[in-house]
Undergrad: 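Can you read through this structure? Questions will come right after.
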Amino acid sequence: MTQDQSKPTGPDLFRGIALSDLPDGAKLVGHCGDEQVLLVRRGAEVFAIGATCTHYGGPLADGLVVEDTVRCPWHHACFDLRTGEALHAPAFNPLACWSVEERDGRLFVGEKRKRTAPERRDASSGKVPEKIVIVGGGAAGFAAAETLRREQYQGSIVMISDDQAPPVDRPNLSKDYLAGKAPEDWIPLRGEKFYSKNDIDLRLNTKAVHIDLHSSEVVLADKGTVPYDRLLFATGAEPVRLTIPGADQPHVHTLRSFADCKAIIERATIARSAVVLGASFIGLEVAAALRSRGIDVHVVAPDKRPMERVLGPQMGDFIRALHEENGVVFHLGDTASSIDGSRVNLTNGGTLTADLVVAGIGVRPRIGLAEKAGLVVDHGVVVDAFLETSEPGIFAAGDIARWPDPHSGENIRVEHWVVAERQGQTAARNMLDHREKFAAVPFFWSQHYDVSINYVGHAGQWDEIAVDGDITAKDCLLHFKRAGRTLAVASIFRDIESLEAEVEMERQMAN
């Protein structure tokens with residue numbers, strides 16, 4: 001996840017470099033004391049910022065400069081070169097910035113600049129809500145609360161979450177943390193002090209049961225109420241539960257929450273064999289994580305190929321081969337019919353032994369609360385371009401939101417972490433009446449052993465997949481097209497091309 005920062009590399013920027021060593025448009029990594037610094041030149045201006053992404057430590061020197069921003073090659077976070085501000089999730093922390101001076105044809109990096117709070121923007125309507133309530137403690141809810149305070153909002157923020165843990169870095173639950181390669185203190189998106197310091201009333205283990213539109217109140221399971229002027233639905237999705245006999249046994253798990261992950265890890269410490277039900281992103285990331293723990297893993301799924309519905313047949317075959325090279329055994333075209341102790345019985349008549357069973361058979365959006373409140377729903381909560389629902393003053397973001405995607409021209413709902421965070425950020429600004437359309441290009445990444453697959457755009461259907469490079473060599477770019485137009489791009493170790501595809505989609509939407 002992170003790079004070793006113990007040994008600064010490159011020139012000492014305090015002592016300076018020749019201006020000719022940094023041509024227009026170029027990037028250069030050096031150091032100021034013990035800190036790595038990235039220099040970026042754009043015309044007559046030279047910027048000096050922290051060299052690594054504040055999300056997972058991605059090398060920004062390998063990223064893409066777009067106007068006065070730089071984008072991380074790993075997970076597409078975006079930073080302002082002038083201020084270091086994290087403009088787009090998944091990064092929230094800003095980069096450090098240094099002063100730069102040119103003297104006698106040389107560039108010298110000076111003192112680190114002091115952080116200044118972003119200027120407060122006035123609401124377009126002139127009205128600022130006094131009370132904002134966020135229902136949900138996941139990616140979208142956290143991003144909204146963090147953005148509200150970053151926008152200098154001074155009113156009340158109440159976050160209602162039925163989870164027992166503060167907002168966590170959920171992608172890591174099926175990746176490095178589950179594999180035992182990441183410490184627990186990496187998992188919370190922020191420490192508990194963040195919420196008290198920023199006057200965010202985070203209410204854990206609290207369930208909202210009704211939204212009273214007439215009185216503008218959220219009714220809680222304990223009969224308490226929370227009034228609001230603006231409300232954000234960020235309730236996310238929940239795993240589809242197994243309904244077969246034996247699914248309620250203690251060694252049978254789903255993975256969604258921090259508690260789920262901890263329970264799987266506890267079982268994995270004594271398990272020698274595991275069965276993963278489902279060949280989805282979550283299912284196969286779990287399989288990879290369990291294999292890294294030395295557990296025998298069998299994957300059972302009704303699909304002909306893993307992930308074919310999203311990534312197509314060629315990538316599906318590659319992913320299967322990659323997992324098989326790492327010891328995973330597939331049982332495709334099959335499902336589990338029952339679980340009898342450590343015996344997993346398959347529909348086609350086979351039997352597998354498992355000390356641990358993890359079901360990754362999909363998720364469904366948690367729209368019940370919104371539906372009960374009378375909001376318009378369609379396999380998700382329907383929102384407009386500003387993420388506002390059919391009820392004025394009530395917004396939705398994340399896995400539950402179905403929004404008009406300006407790139408595909410369709411109303412879509414996606415269950416991607418970065419999308420949820422970026423929607424939370426946009427919803428926050430719109431709850432302050434900034435009237436900002438959500439136009440971010442969907443993005444996700446999936447980790448399988450040493451291979452990361454990046455995906456930008458959204459292609460629910462396609463009639464052509466154009467492959468550039470060699471999938472089996474782990475060096476490729478796949479264009480998912482419909483009627484000759486690229487709707488999405490998947491890539492392996494083509495980070496710059498992935499970023500360029502994202503930028504091109506943004507430009508198409510702007511035209």
Side-chain angles (χ1 to χ4, degrees), residues 1-2 55-56 74-75 89-90 137-140 142 163 165 167-189 236-242 251-269 271 274-295 297-301 303 306-307 309-311 319-320 322-323 326-328 330 354 356-364 398-399 414-421 443-455 490:
M1 285 177 53
T2 58
H55 174 231
Y56 277 3
W74 287 3
H75 308 124
F142 168 81
D163 204 332
V168 297
D169 183 21
R170 184 172 292 127
N172 225 328
L173 299 184
S174 59
K175 299 180 176 71
D176 285 348
Y177 182 68
L178 182 58
K181 299 176 181 178
E184 187 167 317
D185 59 8
W186 283 6
I187 301 306
L189 287 173
E238 61 187 1
V240 175
R241 305 287 175 177
L242 286 174
H251 68 297
V252 180
H253 299 268
T254 55
L255 177 57
R256 183 71 180 177
S257 68
F258 198 11
D260 292 338
C261 188
K262 287 182 175 180
I264 294 172
I265 290 172
E266 182 179 0
R267 185 73 185 184
T269 60
V275 168
V276 175
L277 302 177
S280 64
F281 291 100
I282 292 295
L284 291 187
E285 287 179 357
V286 167
L290 295 179
R291 282 298 300 136
S292 72
R293 290 178 174 269
I295 298 173
V297 177
H298 290 249
V299 173
V300 179
D303 316 271
M307 302 188 194
R309 183 181 62 83
V310 177
L311 296 177
I319 292 170
R320 174 176 181 169
L322 176 63
H323 280 268
N326 284 273
V328 173
F330 284 90
L356 168 63
V357 178
V358 181
I361 56 176
V363 298
R364 57 170 61 96
D399 292 356
V414 298
E415 296 155 359
H416 303 330
W417 182 254
V418 175
V419 172
E421 290 182 323
F443 167 80
F444 72 84
W445 79 96
S446 186
Q447 187 73 32
H448 304 263
Y449 312 101
D450 63 342
V451 175
S452 182
I453 300 170
N454 284 0
Y455 183 101

Undergrad: As an exercise, state the distance from CG of Asp260 to CD1 of Ile265, rounded to the nearest 0.5 Å.
TA: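 Nearest 0.5 Å value for the CG-CD1 distance: 11.0 Å.
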Undergrad: Between CG of Asn172 and CD of Gln447, what distance do you get to the nearest 0.5 Å?
TA: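 Between atom CG of Asn172 and atom CD of Gln447 there are 10.0 Å.
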Undergrad: With sequence neighbours left out, what residues match Glu266 under salt bridge (Lys or Arg N to Asp or Glu O under 4.0 Å)?
TA: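 Listed in chain order: nothing, the list is empty.
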Undergrad: Could you tell me which non-hydrogen atom of Arg256 sits nearest to which non-hydrogen atom of Ala237, and how far apart they are?
TA: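 Reported closest heavy-atom pair: NE-O, 3.1 Å.
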Undergrad: Can you measure from NZ (Lys262) to NE2 (His253) and round to the nearest 0.5 angstrom?
TA: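 Result: 14.5 Å between the selected atoms.
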Undergrad: Below 30° counts as parallel, above 60° as perpendicular, anything between as tilted: where do the rings of His75 and Phe443 land?
TA: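 Judged by the thresholds at 30° and 60°, the geometry between His75 and Phe443 is tilted.
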Undergrad: Restricting to non-hydrogen atoms, name the atom on Ile295 and the atom on Ala271 that form the minimum distance, rounded to 0.1 Å.
TA: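 So the two residues come closest at CG1-O, 3.7 Å.
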Undergrad: Taking all non-hydrogen atoms of both residues, which atom of Pro90 and which atom of Glu421 are closest, and how far apart?
TA: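 Heavy atoms only, the tightest pair is CA-OE1, 3.2 Å.
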Undergrad: Give, for atom CG of Leu173 and atom CD of Glu285, the distance between the pair rounded to the nearest 0.5 Å.
TA: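 Going from CG on Leu173 over to CD on Glu285, the span is 10.5 Å.
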Undergrad: Work out which heavy atom in Ser174 is nearest to a heavy atom in Ala289; give both atom names and the distance.
TA: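 Reported closest heavy-atom pair: O-CB, 4.1 Å.
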Undergrad: Identify the two heavy atoms, one from Leu322 and one from Asn326, that lie closest to each other, and give their separation to 0.1 Å.
TA: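 Between these two residues, the closest heavy atoms are O-ND2, 2.9 Å.
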Undergrad: Shortest non-hydrogen contact from Ile264 to Leu178?
TA: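 Here Ile264 and Leu178 meet closest at CG2-CD1, 3.8 Å.
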Undergrad: Can you list the steps and then say if Val363 with Ile282 is a side-chain contact (heavy atoms from CB on, under 4.5 Å)?
TA: CA-CA 10 Å; Val363 298; Ile282 292 295; over 6 Å; no
Undergrad: Going from NE2 on His323 to CG on Leu284, what distance comes out if it is rounded to the nearest 0.5 angstrom?
TA: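 His323 atom NE2 to Leu284 atom CG measures 4.5 Å (nearest 0.5 Å).
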Undergrad: Distance from Asp169 atom CG to Phe258 atom CZ, nearest 0.5 Å?
TA: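 CZ of Phe258 is found 10.0 Å from CG of Asp169.
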Undergrad: Suppose we screen for ring pair (Phe, Tyr, Trp, His ring centres under 6.0 Å). Which residues come up paired with Phe444, at least two apart in sequence or across chains?
TA: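 In terms of ring pair (Phe, Tyr, Trp, His ring centres under 6.0 Å), with neighbours along the sequence ignored, Phe444 is linked to Phe281, His416, Tyr455.
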Undergrad: Is the shortest side-chain N to carboxylate O distance from Asp163 to Arg170 below 4.0 Å?
TA: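 Result for this pair is no, no salt bridge flagged.
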